Amino acid sequence: MDPQWKETPRLVMGGGSNMLLLDDYDGLVIRMNIRGIEHRISHNDVFVEAGAGEVWNDLVNYCVAHQYAGLENLSLIPGSVGASPIQNIGAYGVELKDVFASCRAFEIASGTFKTFTKADCGFGYRESVFKTELKGQYIITCVKFHLSLIPNINLRYGAIEQELQNRGISTPTIKDVSQVVSHIRVSKLPDPSTIGNAGSFFKNPVIDKDTFNRLHQQFPNVVNYPAGDGLVKLAAGWLIEQCGWKGKTVGNTGTWKNQALVLVNHGGATGTEIYALSSQIIDSVYTKFGVSLEREVNIIS
Ligand SMILES: Cc1cc2nc3c(=O)[nH]c(=O)nc-3n(C[C@H](O)[C@H](O)[C@H](O)COP(=O)(O)OP(=O)(O)OC[C@H]3O[C@@H](n4cnc5c(N)ncnc54)[C@H](O)[C@@H]3O)c2cc1C
């Protein structure tokens with residue numbers, strides 16, 4: 001609210017794990033550091049409220065340790081609690097919206113706080129109002145989650161069940177699920193503290209059934225999942241891999257050897273070089289499949 005900063009462009013940053021800076025940022029960078037985790041139990045419901053600056057995985061570990069079920073499939077996603085509603089983070093069959101109760105956010109223009117319910121947030125696949133119509137207008141300061149003392153173990157992702165079997169676990173606890181998810185993630189994804197990356201660079205494209213049927217005739221192996229309402233979700237990683245990009249290096253940039261959906265900085269690459277690689281990938285997927293990939297990562301220019 002200080003008049004000195006009122007007209008200055010500003011960038012709110014949590015862990016910086018879902019953004020690509022094309023250049024140095026010419027403005028005010030606000031690093032979110034609001035801490036604290038509180039909980040309230042009512043029968044079997046647990047309401048956990050966490051400051052936006054808490055590390056996401058610390059919150060997951062806290063909940064798992066206290067037997068508060070609901071976040072375990074979202075283990076080891078990098079970043080902060082405050083960023084979790086921005087793109088409705090999701091992994092291994094669970095999305096933030098499944099456990100989201102509300103969040104509190106500061107409106108920059110008016111200097112007032114507002115509470116957003118789940119309905120207010122307009123959550124979709126890697127989407128929310130904070131990424132679309134309200135982009136840049138609010139700073140999320142805390143998030144409230146609706147968890148449960150009765151676990152609803154979600155093993156919809158085959159890899160979790162397989163790894164539990166490997167460990168000889170037939171009736172998993174939420175701790176088992178958290179550990180297995182963490183294990184799978186470490187084996188598949190590059191650690192951003194050793195090799196620069198922002199996780200999945202593109203969203204999985206969602207197309208209508210007619211378009212899918214035509215694609216399926218031409219490419220019978222196309223990886224796909226039902227997405228409701230006559231829609232089909234394609235695996236962006238598979239499409240990219242089919243175009244020969246998996247593990248490919250271009251200058252100091254490239255795609256990860258175990259997952260083509262993740263673009264990596266092998267060292268010294270600029271944001272614009274990574275962006276250029278993403279544009280090449282979008283072009284080649286469109287040329288081969290006629291499908292448009294959309295970037296998931298926030299591009300900051
Ligand atoms: C290895 C790896 C794996 C990943 N796996 C997954 C995954 O499985 N699922 C998934 O969904 N994502 C995944 N991601 C992406 C990332 O972890 C999430 O998007 C995470 O929520 C980003 O948190 P952050 O604090 O780092 O956000 P940042 O990168 O700091 O910010 C992301 C965006 O949110 C805005 N923002 C941040 N905090 C606030 C706030 N308090 N108020 C308002 N705006 C804010 C920023 O301005 C920016 O636009 C992965 C990333 C990496 C590097």
Side-chain angles (χ1 to χ4, degrees), residues 9-22 25 27-35 50-60 71 73-100 103-108 113-114 116 121 123-132 134-143 157 159-160 181-182 184-204 236-237 255-256 258-259 261-265 271 274 295-301:
R10 59 201 76 202
L11 170 66
V12 183
M13 199 167 173
S17 38
N18 199 25
M19 51 172 72
L20 178 72
L21 288 141
L22 297 186
Y25 186 73
L28 180 67
V29 178
I30 303 168
R31 177 78 207 287
M32 185 49 65
N33 199 26
I34 299 173
R35 298 281 168 163
E54 288 290 340
V55 172
W56 173 260
N57 198 47
D58 290 352
L59 174 69
V60 174
L71 299 185
N73 290 50
L74 303 175
S75 296
L76 220 62
I77 295 180
S80 61
V81 166
S84 62
I86 305 284
Q87 71 156 5
N88 178 29
I89 58 168
Y92 296 94
V94 173
E95 286 185 324
L96 178 91
K97 70 172 170 54
D98 303 330
V99 286
F100 179 91
C103 70
R104 228 167 122 69
F106 177 77
E107 189 182 21
I108 296 170
F113 281 91
K114 177 176 171 178
F116 286 80
C121 292
F123 289 127
Y125 165 61
R126 299 298 179 272
E127 279 298 348
S128 75
V129 286
F130 302 110
K131 233 185 147 175
T132 51
L134 300 183
K135 189 176 170 158
Q137 294 181 31
Y138 284 89
I139 301 175
I140 295 173
T141 54
C142 72
V143 184
Y157 254 72
I160 306 183
V181 166
S182 302
I184 299 168
R185 292 184 68 95
V186 168
S187 67
K188 269 200 186 161
L189 295 168
D191 177 354
S193 67
T194 54
I195 180 159
N197 77 91
S200 303
F201 203 91
F202 305 99
K203 293 182 184 178
N204 288 321
T255 60
W256 185 236
N258 298 335
Q259 174 50 278
L261 191 50
V262 178
L263 305 196
V264 293
N265 187 339
I274 303 269
R295 293 178 183 88
E296 177 188 311
V297 169
N298 297 278
I299 308 297
I300 315 290
S301 51

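Just so you know, these numbers use all the heavy atoms, side chains as well, and skip hydrogens, waters and symmetry mates. Remember, it's a predicted structure, so these values are computed and weren't measured experimentally. In listed order, ligands and their atoms are each counted from 1.
- Counting only residues at least two apart or on different chains, the salt bridge (Lys or Arg N to Asp or Glu O under 4.0 Å) pairs with a member in residues 191-203 are E127-K203, K203-E294.
- Only the side chain of N298 comes within 4.0 Å of ligand 1, counting heavy atoms alone; its backbone N, CA, C and O stay farther away.
- For ligand 1, the atoms sitting less than 4.0 Å from at least one non-hydrogen atom of Y138 are 43 (C), numbered in the order shown with element in parentheses.
- Checked by atom type and distance alone, the side chain of E95 never pairs as donor or acceptor with a backbone atom of K97 at under 3.5 Å.
- Residue contacts with ligand 1, taken as heavy atom pairs separated by less than 4.0 Å, do not involve K131 at all.
- Closest heavy-atom approach to atom 30 (O) of ligand 1 among the candidates A52, G14, S17: G14.
- If you check which protein heavy atom lies closest to atom 14 (N) of ligand 1, you get I77 CG2, 4.3 Å.
- Between the side chains of N33 and R35, a donor-acceptor pair is found at a separation under 3.5 Å.
- With contacts defined as side-chain heavy-atom distances shorter than 4.5 Å, the pair W56/S80 does not qualify.
- Checking only distances, I140 does come within under 3.5 Å of ligand 1, N or O to N or O.
- The protein non-hydrogen atom at the shortest distance from atom 53 (C) of ligand 1 is G199 N, 3.3 Å.
- Set against the non-hydrogen atoms of A198, the atoms of ligand 1 under 4.0 Å away are 51 (C), 52 (C), 53 (C).
- Within ligand 1, counting atoms from 1 as listed, the ones closer than 4.0 Å to a heavy atom of P190 are 1 (C).
- Note on ligand 1: R185 sits in its first shell, one or more heavy atoms being nearer than 4.0 Å.
- Listed by atom number, the atoms of ligand 1 under 4.0 Å from R126 heavy atoms are 11 (O).
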Next on the checklist: Please determine whether side chain to side chain contact (heavy atoms under 4.5 Å, CB included) holds for the pair L263 and W256, giving the CA-CA distance in whole Å, both sets of side-chain angles, and the decisive distance to 0.1 Å.
Outcome noted: CA-CA 6 Å; L263 305 196; W256 185 236; over 6 Å; no

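- Aromatic ring centres of F106 and Y138: separated by at least 6.0 Å.
- Among all protein heavy atoms, the one lying closest to atom 44 (N) of ligand 1 is I86 CD1, 3.4 Å.
- The side-chain contact (heavy atoms from CB on, under 4.5 Å) with V262 is formed by just one residue from the set I195, N197, T255; it is N197.
- Checked by distance only, ligand 1 and N18 come closer than 3.5 Å through their nitrogen or oxygen atoms.
- Looking at S200, its side chain never comes within 3.5 Å of a backbone N or O of F202 through a donor-acceptor pair.
- The backbone N or O of V181 lies less than 3.5 Å from no partner atom in the side chain of S75, so there is not a single donor-acceptor pair.
- Protein heavy atom at the shortest distance from atom 24 (P) of ligand 1 is G15 N, 3.3 Å.
- I30 has its side chain out of reach of L11: every pair of non-hydrogen atoms, C-beta onward, lies at least 4.5 Å apart.
- Taking distance alone, with nitrogen or oxygen atoms compared against 3.5 Å, Q87 approaches ligand 1 more closely than that limit.
- Of the candidates G82, A91, G90, it is G90 that places a heavy atom closest to atom 9 (N) of ligand 1.
- Looking from atom 27 (O) of ligand 1 to the surrounding protein, the closest heavy atom is A83 CB, 3.3 Å.
- Considering only heavy atoms from C-beta on, I77 stays 4.5 Å or farther from N57 through its side chain.
- Around atom 21 (O) of ligand 1, the closest heavy atom drawn from I34, I89, I299 belongs to I89.
- When side chains are defined from C-beta on, L76 counts as touching V186, because their heavy atoms get closer than 4.5 Å.
- Ligand 1 has no nitrogen or oxygen under 3.5 angstrom from a nitrogen or oxygen of S84.
- When V12, I30, I139 are checked for heavy-atom proximity to atom 36 (N) of ligand 1, V12 turns out nearest.
- Below 3.5 Å of separation, one finds an N or O of P78 facing an N or O of ligand 1.
- When non-hydrogen atoms are compared, ligand 1 lies under 4.0 Å from neither the backbone nor the side chain of F130.
- The protein heavy-atom contact nearest to atom 48 (C) of ligand 1 is M19 CE, 3.7 Å.
- Contact annotation: the side chain of V29 never approaches that of R10 to less than 4.5 Å [non-hydrogen atoms, C-beta and beyond].
- What sits closest to atom 1 (C) of ligand 1 on the protein, heavy atoms only, is N197 OD1, 3.4 Å.
- For atom 28 (P) of ligand 1, the nearest protein heavy atom (residue, atom name, distance) is G16 N, 3.5 Å.
- Those atoms of ligand 1 that come under 4.0 Å of a heavy atom in M13, given as number and element, are 30 (O).
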Next on the checklist: Determine whether E296 and Q87 satisfy the following criterion, side chain to side chain donor-acceptor pair (under 3.5 Å), listing intermediate values before the conclusion.
Outcome noted: CA-CA 8 Å; E296 177 188 311; Q87 71 156 5; 3.1 Å; yes

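- Under the ring-ring contact (aromatic ring centres under 6.0 Å, His included) criterion, Y125 pairs with no residue, sequence neighbours left out.
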